[in-house]
Amino acid sequence: MKNPIGFFDSGVGGTSIFKEVHQLLPHENVIYLADSKNAPYGEKSSQRIIDLSIKNTDLLIKNQCKLIVVACNTATTNAIHVLRENYALPFIGIEPAIKPATLQTKNNKIGILATKGTLSSKLFSSTFKKYVNKDIKVTEIEGKKLVEAIENDLLNTTEFKSYFFKHINEFKKQEIDSLVLGCTHYPYLIPLIKEFLPSVKIIDSGFAVAKQTKRILERYQLLNKSQSTPEIQFYTNTKLDVLNCLLQKHNSDFHQFHLNYLDF
Ligand code: DGL
């Protein structure tokens, strides 16, 4: 089926998920909505996150999407149950990889970096209760101001670097050996995290999301059988430059994409 896969996020973060999906399913057409105008979602109420997720979903459906990847932990943990109840098409979500972290840690000390909206969600707390036993010590840090810095391309400034290192210093103090990245914007922080916490294993769920997307497309016979070059459309409701810069800088394997401004 040629219809596109839809993605949405509060901005540029979900491109880290798009990349994984595109690598695994290179012939799928894509529509990606970067709702940067409303970033950060993580500071909003659960109801507001649900309303924004519905708005994005309606637009993707209007554009004939056959499946939607909610490329945002905050939207997944707060809204995916509502989306699944109200729409017939399949949704793939992303949530912090707590289970893999508990399986991989050697010293039973893990860290989770996520937004306030994710850390306070019911889905996060039920997953946490399910997989974290009393022998595992978890240090949670709310990623304050991180999404804003990524959305505004401030990662390479000395001010941000010193802010960020101070912000995640508790991970160092607690001697975590595994760190869960619970926000799709945060993979863009990996070079800084590696500089500050060189021996910590970083766990993000991008590849798992891509595999699940493929499985679901296969299950519902929705895969695009055509081998032609896919149409990849990005829409942002703020300025184009940060998204453009991230797409150019971090992607060697999908040069052909269209970037558009849309007021949504
Ligand atoms: N990329 C979103 C996530 O995965 C960022 C949330 C936000 O906008 O605060 O949670």
Side-chain angles (χ1 to χ4, degrees), residues 6-21 32-57 60 68-83 91-98 101 111-125 127-128 140-155 160 164 167-168 179-190 193 202-210 212-213 234-238 242-243 246-247 250 264:
F7 290 75
F8 75 83
D9 179 39
S10 62
V12 300
T15 56
S16 63
I17 303 298
F18 157 76
K19 273 191 279 179
E20 300 276 1
V21 174
Y32 180 106
L33 302 181
D35 190 14
S36 300
K37 189 168 79 182
N38 292 301
Y41 280 13
E43 300 293 316
K44 295 184 163 51
S45 70
S46 203
Q47 188 54 50
R48 180 75 182 128
I49 297 166
I50 290 171
D51 293 344
L52 291 167
S53 301
I54 288 175
K55 168 194 69 112
N56 297 330
T57 298
L60 291 170
I68 293 177
V69 178
V70 181
C72 173
N73 291 258
T74 312
T76 299
T77 51
N78 285 275
I80 203 164
H81 62 290
V82 179
L83 301 178
F91 288 89
I92 308 293
I94 175 160
E95 49 176 317
I98 300 176
I112 302 178
L113 186 61
T115 68
K116 183 173 160 192
T118 291
L119 293 174
S120 62
S121 68
K122 285 195 195 120
L123 185 57
F124 178 82
S125 87
T127 309
F128 190 100
E140 285 175 19
I141 296 181
E142 198 183 294
K144 271 205 190 88
K145 301 207 177 89
L146 305 184
V147 167
E148 289 93 321
I150 296 161
E151 287 291 321
N152 292 297
D153 198 19
L154 300 175
L155 297 193
F160 177 74
F164 182 57
H167 194 68
I168 61 167
L179 173 60
V180 177
L181 295 186
C183 170
T184 55
H185 281 72
Y186 300 168
Y188 291 111
L189 295 166
I190 287 175
I193 296 172
I202 298 170
I203 300 166
D204 92 275
S205 337
F207 185 56
V209 171
Q212 178 66 357
T213 304
F234 289 90
Y235 292 95
T236 176
N237 51 18
T238 56
V242 177
L243 186 54
L246 274 184
L247 291 172
H250 294 272
F264 63 94

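It should be emphasised that the depicted structure is a prediction, and the values quoted were computed from it without experimental measurement. Counting starts at 1 for both ligands and their atoms, following the listed order. Excluded from the calculations below are hydrogen atoms, water molecules and symmetry mates; all remaining heavy atoms, backbone and side chain alike, are included.
- Under a 3.5 Å cut-off, the side chain of Thr77 and the backbone N or O of Leu123 do not form any donor-acceptor pair.
- Side chain of Ser121 to main chain of Asn78: no donor-acceptor pair is present (N/O by atom type, distance under 3.5 Å, no hydrogens or angles).
- Sorted by chain and number, the heavy-atom contacts of ligand 1 below 4.0 Å come from Asp9, Ser10, Pro40, Tyr41, Gly42, Cys72, Asn73, Thr74, Thr115, Val147, Cys183, Thr184, His185.
- The ring-ring contact (aromatic ring centres under 6.0 Å, His included) check on Tyr32 picks up Phe234, with sequence neighbours excluded.
- A donor-acceptor pair is defined here as one N or O able to donate and one able to accept, closer than 3.5 Å; no such pair exists between the side chain of His185 and the backbone of Cys72.
- Counting only residues at least two apart or on different chains, the salt bridge (Lys or Arg N to Asp or Glu O under 4.0 Å) pairs with a member in residues 33-48 are Asp35-Lys55, Lys37-Asp263.
- Applying the ring-ring contact (aromatic ring centres under 6.0 Å, His included) rule to Phe164 yields the partners Phe160; only residues at least two apart in sequence or on another chain are considered.
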